[in-house]
Amino acid sequence: VVVQDVDGTNRALDAGQEGETELIAALYRQHRSSLVWHIRCLGATETEAHDAVQDAFAAALRIGRIRDQNAWYAWLRTVAVRSYRHSASRKGDPVHIWYVTVDSALTADIADSLALRVPDLAEARLQEQIVLDLLRALPKRQRLVFCLHYEGWTTPEIATELGMKEAAVRKGISRARRSLQDLIAQGGEDDC
Amino acid sequence: MTADRPQGLPIEKLLQGVREAFIARADAVFDFDSGLKDVYARARLVNSRHSADPPAADWRTATADAVQRQIDRLASMLRLIDRGYSQTAFDHLQRAMELLFEIRAGWPDNRLSRSHLMSLMAMAADHVKVADAALRSHSKLSLAEAVQTKLNDLGPISVDPIDELETLRCLTQEALNADPPAARPRLNANRIWDRGQGNR
């Protein structure tokens with residue numbers, strides 16, 4: 001593999017660097033979409049999330065040697081979140097609006113969406129929008145905890161990642177779940 | 001990310017299902033080669049393995065820029081309509097913008113299929129039309145008039161998002177139908193194709 005620096009100079013990568021290039025490509029294919037979803041859950045648009053994830057992988061490339069591959073997802077996620085927050089604050093927008101009004105008509109659709117077996121693109125988009133709206137209605141900490149939780153992180157892993165006690169993580173998950181269920185129920189009642 | 005994953009609860013199942021569907025869909029339509037090329041560019045490196053031949057790359061950049069700039073123009077108009085006009089219109093315009101940004105994010109190298117692109121475009125147009133109808137019903141203003149009201153400080157600029165959507169549709173079709181660079185004259189750099197300030 002030959003890389004070209006910004007001044008146009010070509011230089012060949014050694015075996016270690018070339019292996020790393022392949023590794024970055026593999027990491028990109030493996031994690032890019034899940035990272036985009038994670039950033040979207042924080043309130044980013046698809047484009048903002050895409051940009052933040054691209055920046056995170058660019059930062060990974062600049063850093064160089066990849067040592068602990070298992071730690072890369074968390075590292076990339078952290079950098080992507082920072083990149084999103086930085087770009088949002090640079091644009092002058094509020095970095096996060098932690099509480100938003102959830103359209104009850106949307107949440108009322110959730111029961112229908114659960115029954116969908118093979119949703120077409122429009123239905124899939126609607127489901128995504130419903131879930132994103134629901135998550136955005138949660139306070140920041142609860143949202144972060146719950147996102148990691150349903151992405152498959154264990155309670156101890158979340159506690160370590162966010163610097164919280166495990167009891168606080170469990171409480172956050174429980175409260176988030178209750179809030180989400182209330183929102184869904186509220187949507188269902190409004191629909192009647 | 002292992003072990004005690006609580007999959008049995010309905011809310012978690014719903015969220016996991018939607019997340020997995022999003023990832024599967026994004027993996028299926030996203031152009032990873034172009035994405036990696038962009039990553040290298042952002043890292044201020046160019047990887048020969050992910051570089052296209054220059055003329056084709058220039059041409060693709062020009063067509064992508066034209067579409068992306070039109071999306072930016074349209075989104076900047078739609079963004080002017082806040083909740084104060086109509087919550088329903090606002091919601092539909094937000095969804096239209098999401099779809100437009102999906103087109104923009106997936107455009108590089110035209111790897112989104114034509115049918116997918118046009119489907120996204122049609123869905124965005126539907127949302128804009130519903131927003132227009134909601135505004136007319138709620139505020140007695142068309143979408144174009146509402147945008148114009150917001151822009152009145154800038155003078156008599158004619159702005160109609162529905163017309164702009166049609167322009168975007170034409171630009172997209174032109175880009176999809178266009179011959180490769182070798183078979184057509186070079187694009188006029190002074191027209192809409194001239195390079196803008198980037199994607200953002």
Side-chain angles (χ1 to χ4, degrees), chain A residues 1-6 10 21 24-25 28-29 32-34 36-37 40-41 45-48 50-51 54-55 57-62 73 87 101 103 105-106 110 113-114 119 121-122 124-131 134-135 146-147 149-155 157 173 177 180-181 184, chain B residues 1-7 9-28 30 32-33 35-36 38-51 71 75 83 87-88 91 94-95 97-102 104-106 116 119-120 123 126 199-200:
Chain A
V1 173
V2 175
V3 297
Q4 189 180 59
D5 289 330
V6 279
N10 288 331
T21 302
I24 285 282
Y28 188 67
R29 288 176 190 279
R32 183 258 170 199
S33 299
S34 55
V36 167
W37 176 257
R40 290 215 65 196
C41 289
T45 64
E46 193 144 331
T47 303
E48 289 169 339
H50 170 78
D51 276 342
Q54 294 292 99
D55 284 344
F57 277 98
L61 263 180
R62 281 194 296 267
Y73 181 81
S87 68
T101 305
D103 185 345
L106 276 181
I110 212 158
S113 71
L114 276 169
L121 182 61
R125 297 289 306 178
L126 180 60
Q127 283 185 327
E128 284 166 17
Q129 194 58 53
I130 291 166
V131 164
L134 285 169
L135 290 172
F146 201 73
C147 283
H149 163 70
Y150 88 82
E151 285 177 15
W153 292 56
T154 64
T155 300
E157 285 170 341
I173 291 170
R177 187 185 294 125
L180 293 171
Q181 285 168 341
I184 294 168
Chain B
M1 294 200 292
T2 52
D4 57 356
R5 190 172 173 171
Q7 291 181 328
L9 300 164
I11 192 73
E12 275 91 341
K13 281 180 76 173
L14 168 72
L15 268 58
Q16 284 161 6
V18 171
R19 174 178 179 267
E20 283 162 14
F22 172 87
I23 291 169
R25 191 168 56 80
D27 281 348
F30 187 70
F32 283 97
D33 286 339
L36 264 176
D38 177 51
V39 167
Y40 275 86
R42 289 173 192 237
R44 303 175 70 78
L45 289 170
V46 177
N47 185 341
S48 59
R49 198 169 281 185
H50 297 292
S51 299
I71 289 174
R83 287 188 171 87
Q87 180 68 43
T88 306
D91 289 341
Q94 290 292 309
R95 275 168 224 145
M97 280 192 283
E98 290 279 311
L99 292 164
L100 292 172
F101 288 142
E102 183 171 341
R104 192 172 70 162
H116 187 194
S119 154
L120 293 175
M123 286 163 61
D126 286 346
N199 294 349
R200 296 189 62 87

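Numbered from 1 within each chain, the chains take letters A, B, ... in sequence-line order.
Residues satisfying the salt bridge (charged side-chain N to carboxylate O under 4.0 Å, His left out) test with R32(A), not counting sequence neighbours, are none. T88(B) meets the side-chain hydrogen bond (donor to acceptor under 3.5 Å, both in side chains) test with no other residue; sequence neighbours excluded.
In this structure, CG on D55(A) lies 8.5 Å from CG on D38(B), to the nearest 0.5 angstrom. Rounding to the nearest 0.5 angstrom, the gap separating the OH atom in Y28(A) from the CG atom in L36(B) is 5.5 Å. If you take CZ on R19(B) and OG on S34(A), they are separated by 5.5 Å, rounding to the nearest 0.5 Å. The distance from the CG atom of L180(A) to the CG atom of L14(B) is 9.0 Å, given to the nearest 0.5 Å. Interatomic distance, I24(A) CD1 to Y40(B) OH, rounded to the nearest 0.5 Å: 7.0 Å. Note: F101(B) CZ to E48(A) CD = 7.5 Å, rounded to the nearest 0.5 Å.
Between F146(A) and E12(B) the shortest side-chain heavy-atom distance falls below 4.5 Å.
When every heavy atom of V18(B) is checked against every heavy atom of E128(A), the shortest pair comes out as CG1-CA, 3.7 Å.
Among Q181(A), Q54(A), R40(A), the residue with the largest count of heavy-atom pairs under 4.5 Å with chain B is Q54(A).
Note on ring orientation: taking the six-membered ring where Trp is involved, the planes of W37(A) and F22(B) are tilted (angle from 30° to 60°).
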